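This report refers to the structure that appears directly beneath it.
Here the structure is a predicted model, which is why all the values come from computation and not from measurement.
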Amino acid sequence: MEKKPYTCEMCSEAFSLQGDLERHLLTHTKEKLYSCTMCNKAFSRMRNLKKHILRHTREKSFTCEMCSKAFSLLADLKRHMLRHTKEKSYACEMCSKMFSDIGNLKKHIMTHTQEKPYICQVCSRAFSDQIYLKRHLLAHTKEKPYSCEMCSKAFSQPGDLKRHLLTHTKEKPYTCTMCSKAFSQPGDLKRHLLTHTKEKPYTCKMCSKAFSQPGNLKRHLLTHTKEKPYSCEMCSKAFSQQGGLKKHLLTHTKEKPHVCKVCNKAFSDQSNLRRHVLAHMKEKHISAR
């Protein structure tokens, strides 16, 4: 049996080499002697510094044999391999949910404990994951590191960029199970579902009138405040609704976008077209007698 004459006085763990004991002691003292010259991040162990430097040099020596994706650390490759094997070795003791990565398990446990150890130093908002904190900080710095390659529009959050890309691809991955109507954004689908359920969760505090869409409530509130934020640039007439301004502008441009399919007569207002179409229907009804 290997002799371990060097014992830690703080936790009684024994080591065969004095150097191993000295490195181990740093885990108690929290002393970090090894600093990265590129970003000044410090480490208690040299091997951890070496691993960290690989993230700067972008050197990726470990390649996945199944998909050729390369990694700078062997540990990262091992975690990646679990995605191919679908192996999930880490179980949550609270709900039995399984995970392939211990890091993901730790993050998941916080959903049970409600622990939020990562705190924003600007506004004190707390987060359960360091990634969420980093994304949140962009709201303070106004930094937008995620750019669209198709139109160069920039975003502070990767999710916002992902949603924006759908406006280019015209992809609509969110489908209503009740009528099969498809949407590019999950929020649009949620709002659409309210038209089926007839649920009206947005209530006016001034008159208790309820609405299914937040935009409709916002427009309704203007009827109470008498605010008219939409002004005509040609005559300065103001409107409480954007739709009212659009209709008004047609009186200046003389544009008539609403065309009758029966006789091709054009109208500037859709309501006038509806009345006109009813006139055709009445004529048809009379002639059928």
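Cluster membership check: Val262 does not share its hydrophobic cluster with Val259, using side-chain heavy-atom separations under 4.5 Å among Ile, Leu, Val, Met, Phe, Trp and Tyr. Follow the hydrophobic side-chain contacts under 4.5 Å out from Ile131 and you never reach Leu133; the two are in separate clusters. Clustering ILVMFWY residues whenever any of their side-chain heavy atoms sit less than 4.5 angstrom apart, transitively, puts Met66 in the very cluster that holds Phe71. Hydrophobic clustering (ILVMFWY, side-chain heavy atoms < 4.5 Å, transitive): Tyr132 and Leu138 are in distinct clusters.
With contacts defined as side-chain heavy-atom distances shorter than 4.5 Å, the pair Tyr90/Lys88 does not qualify. Between Phe267 and Lys256 the shortest side-chain heavy-atom distance does not fall below 4.5 Å. Gln213 places a side-chain heavy atom less than 4.5 Å from the side chain of Thr195. Looking at Pro158 and Arg135, their side chains come closer than 4.5 Å, going by heavy atoms from C-beta outward. Residues Leu245 and Cys232 are in side-chain contact: their nearest non-hydrogen atoms beyond the backbone lie under 4.5 Å apart. Counting heavy atoms from C-beta on, the side chains of Cys36 and Leu49 come closer than 4.5 Å. Side-chain contact check for Pro257 versus Gln270: every heavy-atom pair is 4.5 Å or farther apart.
Atom SG of Cys120 sits about 6.5 Å away from atom CZ of Phe127, to the nearest 0.5 Å.
Sequence neighbours left out, not one pair with a member in residues 146-157 passes side-chain hydrogen bond (donor to acceptor under 3.5 Å, both in side chains). Screening residues 114-130 for side-chain hydrogen bond (donor to acceptor under 3.5 Å, both in side chains), with sequence neighbours left out, gives Lys107-Asp129.
Every salt bridge (Lys or Arg N to Asp or Glu O under 4.0 Å) that Arg163 has, sequence neighbours left out, goes to Asp160. Under the ring-ring contact (aromatic ring centres under 6.0 Å, His included) criterion, Phe183 pairs with His192, not counting sequence neighbours. A search for side-chain hydrogen bond (donor to acceptor under 3.5 Å, both in side chains) contacts involving His108 returns His112, not counting sequence neighbours.
Shortest non-hydrogen contact noted between Cys67 and His84 is SG-NE2, 3.5 Å. Closest of all the heavy-atom pairs between Cys207 and His224 is SG-NE2, 3.5 Å. The two atoms that bring Tyr6 and Leu17 nearest to each other are CD1-C, 3.6 Å, heavy atoms only. Of all heavy-atom pairs between Ser268 and Leu250, the closest is O-CD1, 2.8 Å. Closest of all the heavy-atom pairs between Cys176 and Leu193 is SG-CD2, 3.9 Å. Minimum heavy-atom separation, Leu217 to Tyr202: CD2-CB, 3.8 Å.
If you chain together ILVMFWY residues whose side-chain heavy atoms come under 4.5 Å of each other, Met94 ends up in a group of its own.
A donor-acceptor pair under 3.5 Å links the side-chain atoms of Gln241 to the main chain of Arg219, judged by distance alone.
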